[in-house]
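Numbering starts at 1 and runs along the sequence shown.
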Amino acid sequence: MAVTLADVIEVLDNAYPPLLAESWDSVGLVCGDPKAVVQQILYTVDVTEAVVDEAIASGADLIVAHHPLLLKGVDTVAADTAKGSVIHRLIKADCALFTAHTNADSADPGVSDALAAALGVIDTRPLEPIPAPAHDKWVVFVPTTESAAVRQALFDAGAGQIGDYSEASWQSAGLGQFRPGPNAHPTLGVLGEVHTVMEDRIEIVAPKAQRARVLSALRHAHPYEEPAFDVVESAALPSCIGLGRIGRLPNPMTLAEFTDVVRDALPATSWGVRAAGDPDATVSVVAMCGGAGDSFLSAVARTDADVYVTSDLRHHPVDEHLRAGGPAVIDTAHWASEFPWCEQARSIVDAAFGDTDGWSSRVTDVRTDPWTL
């Protein structure tokens, strides 16, 4: 069965949910027909002319990139503009373009997880975690004879989803009691008389955003004029998603030794790898953020990290960070710290479609780091 661009986008969106993208970001499909067949994918950090040359020459149907091609100040894609030229060439070659940027930064696994794996850092957690999506716990009391129908209505309204599991619920039996008032229209019982009935207690979770929909489904499916139910809002708990990562090394080493590890693990660049701190200090706990990460210096300083690995660090922020007693820092080229993500994204899509006849994928050989000397 042929794999369409829409199929690939679904896998990528599941891995790197667009809702995780920062409000200023631009992610998703840039050009291409979702109905088009995809067999060859090229992965890259940046979409440059050289990458497009490689994609077209190799017959790629899709480029998956980390950095958006169209982000700031774009009001034309005329063919005589730098970005417009790229778009025109891709469209003429029937090569689609998809980007996953800050949504890939915060995803689990994401860009910083790929960096951690390259550096041998284990037991990672987000440096700046995003709270898990708010959920409600619904507790509904319904006559036993109608519980299956009510439970299914709640499922259909979006309740009962826990991670990769759907239609999850808890049910127990008990004795319900009520006395219909003079203006009631009871499904069961007689006005003014106490009535008892065997009922089931159904417990089920649902996204807070679906509250109105679940309530409507409950009232429509429940046989009672006044259904008995409770809605409890869950606490905001930490999750595995968020920017940056912090973890540990299996075996502690000196800052000088770990700097060598970073240099050897990442692709070489003219920027190189530089460190600030005591070369003989012991490194065990490592914080990291793929891409520009100086905005997290203060957050790192509040952790037990021995070193912070990131990119695009500047003189004054690093100097002030170290003067304030913050951990050592290792600065790498922006492109180099994000390059391991390309293989991560490739492995995710290949896991879904790698057995398809004619399928091929590769990470670009083009170094898109802009620094040359």
Side-chain angles (χ1 to χ4, degrees), residues 19-25 66-67 71-72 101-132 235-249 252-256 258-259 261-263 265-266 271-338 340-341:
L19 289 176
L20 294 180
E22 300 294 318
S23 59
W24 50 264
D25 202 4
H66 180 49
H67 290 151
L71 182 59
K72 294 182 179 179
H101 191 211
T102 53
N103 51 326
D105 290 330
S106 289
D108 175 33
V111 171
S112 292
D113 293 294
L115 177 60
L119 303 184
V121 180
I122 61 175
D123 298 337
T124 59
R125 64 185 188 278
L127 190 58
E128 187 177 82
I130 296 174
L237 298 176
S239 69
C240 294
I241 59 176
L243 294 170
R245 291 295 184 269
I246 184 169
R248 65 178 180 87
L249 294 174
M253 61 186 73
T254 67
L255 175 61
F258 185 62
T259 302
V261 169
V262 176
R263 181 197 62 208
L266 299 181
W271 184 285
V273 173
R274 56 187 181 175
D278 180 359
D280 296 321
T282 299
V283 170
S284 179
V285 179
V286 180
M288 70 219 82
C289 178
D294 62 358
S295 62
F296 289 122
L297 283 170
S298 59
V300 170
R302 295 191 293 269
T303 71
D304 61 346
D306 301 307
V307 66
Y308 177 41
V309 182
T310 190
S311 305
D312 298 342
L313 291 176
R314 296 170 293 155
H315 174 94
H316 291 297
V318 170
D319 180 55
E320 293 171 3
H321 167 79
L322 295 176
R323 287 173 185 267
V329 297
I330 296 178
D331 185 38
T332 76
H334 189 120
W335 168 79
S337 69
E338 294 181 329
W341 170 82

Measure the shortest side-chain to side-chain distance between [X] and [Y] over non-hydrogen atoms and say whether it is less than 4.5 angstrom.
| X | Y | value |
| --- | --- | --- |
| Leu249 | Leu119 | no |
| His321 | Ser298 | no |
| Ser337 | Val111 | no |
| Tyr308 | Leu127 | yes |
| Val285 | Thr303 | no |

Distance-minimising heavy-atom pair for [X] and [Y]:
| X | Y | result |
| --- | --- | --- |
| Ala336 | Leu266 | O-CD2, 3.7 Å |
| Ala305 | Ile246 | CB-CD1, 4.0 Å |
| Leu322 | Ala328 | CD2-CA, 4.3 Å |
| Ala333 | Trp271 | N-CD1, 3.5 Å |
| Gly326 | Ala301 | CA-CB, 4.5 Å |
| Asp105 | Leu243 | CB-CD2, 3.6 Å |

inquiry  = Once you measure the plane-to-plane angle for His66 and Trp341, does it fall in the parallel (<30°), tilted (30-60°) or perpendicular (>60°) bin?
reply    =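 Answer is tilted, since the angle falls between 30° and 60°.
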
request  = Please test Asp312 against Asp294 for side chain to side chain contact (heavy atoms under 4.5 Å, CB included), starting from the C-alpha separation and ending with a verdict.
outcome  = CA-CA 7 Å; Asp312 298 342; Asp294 62 358; over 6 Å; no

inquiry  = So does Gly290 get a backbone contact from the side chain of Ser112, meaning a donor-acceptor N/O pair under 3.5 Å?
reply    =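 Checking the backbone N and O of Gly290 against the side chain of Ser112, a donor-acceptor pair under 3.5 Å is found.
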
key: Check: Ser239 side chain, Ile130 main-chain N or O, donor-acceptor pair, under 3.5 Å   =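 Side chain of Ser239 to backbone of Ile130, a donor-acceptor pair under 3.5 Å: yes, one is there.
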
Distance (rounded to the nearest 0.5 Å) between [X] [atom1] and [Y] [atom2]:
| X | Y | atom1 | atom2 | answer |
| --- | --- | --- | --- | --- |
| Leu313 | Thr332 | CG | OG1 | 8.5 Å |
| Asp113 | Met288 | CG | CE | 8.5 Å |
| Ser311 | Trp335 | OG | CH2 | 11.5 Å |
| Thr259 | Met253 | OG1 | CE | 10.0 Å |
| Thr310 | His334 | OG1 | NE2 | 8.5 Å |
| Ile330 | Leu255 | CD1 | CG | 5.5 Å |

inquiry  = For a side chain to side chain contact (heavy atoms under 4.5 Å, CB included) check, start with the C-alpha distance between Ile241 and Leu20, then their side-chain angles and the critical distance, and finish with the verdict.
reply    = CA-CA 9 Å; Ile241 59 176; Leu20 294 180; 3.6 Å; yes

Val121 and Arg245: CA distance, side-chain angles, deciding distance, side chain to side chain contact (heavy atoms under 4.5 Å, CB included) verdict = CA-CA 10 Å; Val121 180; Arg245 291 295 184 269; over 6 Å; no

request  = Please lay out, stage by stage, how Asp306 and Thr282 fare under the test side chain to side chain contact (heavy atoms under 4.5 Å, CB included).
outcome  = CA-CA 7 Å; Asp306 301 307; Thr282 299; 5.9 Å; no

